[in-house]
Amino acid sequence: MGKTRAEATGETIKAADFLEYYAGLARQGYGALVHDVRPDTRTHHQREPLGIVLAITPWNDPLITPARKLAPCLAAGNAALLKPATDTPQAALHFARALHDAGLPAGVLNVVTGRGAEISEALISDPRLAALTFTGSNEVGEALRAQLANSNIRFQGELGGKNATVVLSDADLTAAAKAVAAAGFAQAGQRCTATSRVIVERPVYEEFTALLLAEATALRVGPGLAEGTTMGPLVSARQRDGVLSDIERAVKQGATVLVGGDQPGDEALSHGCYVNPTVLGDMTPELDIWREEVFGPVVALLPVDSFEEAVEAVNDSVFGLAAAVFTQNLGAAYRFADEAECGQIAVNTTTSGWDVHHPFGGFRDSGSPFKEQGEEALRFYTRVKTVAVHFGA
């Protein structure tokens with residue numbers, strides 16, 4: 001993936017956290033005793049594994065996403081088939097090998113690699129499949145959902161996002177700029193929870209913009225393992241060219257590049273998959289780049305005149321994954337949490353960075369009703385059975 005050493009280390013540690021967390025949950029009961037109106041009858045409901053679960057995972061988090069899915073899947077007693085992304089398959093293979101070495105019984109987890117267009121039909125059409133969990137693009141996710149529509153195969157999708165951060169006029173602007181830079185440019189913007197839209201109250205728009213540009217300019221682009229690198233490359237030349245094309249189209253539609261918008265000028269980086277951290281101004285909600293997911297280090301700025309206008313701008317999207325607000329007003333913070341139509345809401349912190357026990361998932365086109373992470377994930381990986389036992393004569 002080209003992540004920095006710090007990002008790769010963090011992903012590895014978080015993957016282990018998922019395994020530890022769900023190992024602990026596996027010791028808890030998966031059911032409850034319920035009252036029964038009939039005499040001499042004891043009734044309970046219990047959670048059971050579904051069977052075989054297919055997990056299709058993306059290239060941007062090639063270790064942590066398999067861990068996020070497989071930990072609850074296996075803890076609930078299912079068998080799993082893991083299909084990692086074509087661009088980054090080796091992390092998943094290392095992960096599966098580690099689970100095997102730790103004692104996971106043979107056959108409980110299998111890994112298949114290859115291009116989805118060539119193998120997904122065979123995987124999805126297998127009558128033994130009970131559930132499919134997918135993280136990736138909306139295009140592929142909707143195609144998978146449509147394929148499963150006439151079946152009893154359970155579907156969980158974590159799809160795209162166009163995440164917004166709101167900066168109100170009473171905010172700590174320095175903290176807000178650092179948070180937006182961290183959420184927008186970490187992992188070269190290749191996160192479903194990356195901040196890509198920033199909505200700023202007009203009285204502080206210029207001051208905040210200057211602070212954000214300073215944060216973007218201070219980043220050092222380079223190879224992930226190189227000392228001092230703070231932003232690595234994009235995953236592939238295809239992804240790099242797509243991001244640059246999105247920026248070019250935005251400029252043609254009227255946006256202004258305030259910083260970045262191109263590849264590094266350093267000769268040593270000229271042949272790599274690099275895009276400089278980019279901030280766009282002169283934004284309007286009609287521009288494609290304001291509405292479409294870019295999945296790269298691009299942040300767009302929009303000034304607004306009120307809290308109400310800011311919330312309206314956040315919700316004016318087909319996506320609903322994550323949103324953040326920066327304010328020192330507790331009332332505004334709680335109003336934002338209530339009114340922003342997103343599955344993940346942050347106050348005075350980044351749109352990214354959710355922990356293993358935090359239920360995770362978006363609304364609308366950002367995903368399916370089933371959440372990942374936390375105890376909520378176990379709802380997807382189990383089915384409920386009710387048992388009544390009459391013990392009288």
*Asks:* Below 4.0 angstrom, N of the basic side chain to O of the carboxylate: do Arg364 and Glu341 qualify?
*Replies:* yes

*Asks:* Side chains of Lys69 and Thr133: donor-acceptor distance under 3.5 Å anywhere?
*Replies:*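 On atom types as modelled, these side chains qualify, holding a pair under 3.5 Å.
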
*Asks:* Can you tell me which residue among Val235, Asn60, Val243 is in a side chain to side chain contact (heavy atoms under 4.5 Å, CB included) with Phe295?
*Replies:* Asn60

*Asks:* With a 4.5 Å limit on heavy-atom distance, are the side chains of Val299 and Leu212 in contact?
*Replies:* yes

*Asks:* Could you give me the CA-CA distance, side-chain angles and deciding distance for Leu93 and Val111, then say whether side-chain contact (heavy atoms from CB on, under 4.5 Å) is met?
*Replies:* CA-CA 7 Å; Leu93 293 170; Val111 182; 3.7 Å; yes

*Asks:* For a quick check under 3.5 Å, do Gln147 and Glu121 share a side-chain donor-acceptor pair by atom type?
*Replies:* yes

*Asks:* State, yes or no, whether a side-chain contact exists between Arg47 and Arg383 at a heavy-atom distance under 4.5 Å.
*Replies:*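 Arg47 does not reach Arg383 side chain to side chain.
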
*Asks:* Looking just at side-chain N and O atoms, do Thr351 and Thr193 make a donor-acceptor pair shorter than 3.5 Å?
*Replies:* no

*Asks:* Taking the side chain as C-beta and beyond, is there a heavy-atom pair between Gln46 and Val387 under 4.5 Å?
*Replies:* yes

*Asks:* Does Asp61 have any side-chain hydrogen bond (donor to acceptor under 3.5 Å, both in side chains) partners at least two apart in sequence or in another chain, and if so, which?
*Replies:*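 Per chain and number, Asp61 pairs via side-chain hydrogen bond (donor to acceptor under 3.5 Å, both in side chains) with Lys3, Gln187.
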
*Asks:* Is it possible for you to check whether Arg68 lies under 6.0 Å from the centre of the six-membered ring of Phe360, through NZ or CZ, and within 45° of that ring's axis?
*Replies:*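 Judged by the rule, Arg68 and Phe360 form a cation-pi pair.
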
*Asks:* Restricting to pairs with a member in residues 325-336, which pass salt bridge (Lys or Arg N to Asp or Glu O under 4.0 Å), not counting sequence neighbours?
*Replies:*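 Applying salt bridge (Lys or Arg N to Asp or Glu O under 4.0 Å) to every pair that reaches into residues 325-336, excluding sequence neighbours, yields Glu308-Arg335, Arg335-Glu339.
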
*Asks:* Please determine if Arg42 and Asp36 form a salt bridge, counting it only when a charged side-chain N lies under 4.0 Å from a carboxylate O.
*Replies:* no

*Asks:* Measuring from atom CD1 of Ile124 to atom CG of Leu54, what distance do you get when rounded to the nearest 0.5 angstrom?
*Replies:*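 One finds 6.5 Å between CD1 of Ile124 and CG of Leu54.
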
*Asks:* Taking side chain as C-beta onward, heavy atoms only, is Pro303 less than 4.5 Å from Val200?
*Replies:*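 Not touching, per the 4.5 Å side-chain cut-off.
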
*Asks:* Say you draw a straight line from CG of Asp126 to CD1 of Ile52; how long is it, rounded to the nearest 0.5 Å?
*Replies:*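 Taking CG in Asp126 and CD1 in Ile52, the distance rounds to 7.0 Å.
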
*Asks:* Are any non-hydrogen side-chain atoms of Val298 and Ile289 less than 4.5 angstrom apart?
*Replies:* yes

*Asks:* Holding to side-chain contact (heavy atoms from CB on, under 4.5 Å), I want the full list of residues that pass it with Pro264, two or more places apart in sequence or in another chain.
*Replies:*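 Testing Pro264 for side-chain contact (heavy atoms from CB on, under 4.5 Å), a comparison that skips the adjacent residues, returns Val221, Leu269, Tyr274, Asn276.
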
*Asks:* Can you tell me how far apart CE (Met1) and CD (Glu7) are? Round to the nearest 0.5 Å.
*Replies:*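 Going from the CE atom of Met1 to the CD atom of Glu7 covers 7.5 Å.
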
*Asks:* With a 3.5 Å distance limit and no angle check, can you tell me whether Thr43 reaches the backbone of Ala388 through a side-chain donor-acceptor pair?
*Replies:* no

*Asks:* Less than 4.5 Å apart, side chain to side chain, heavy atoms only: is that true for Phe336 and Thr327?
*Replies:*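 Side-chain contact under 4.5 Å: no.
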
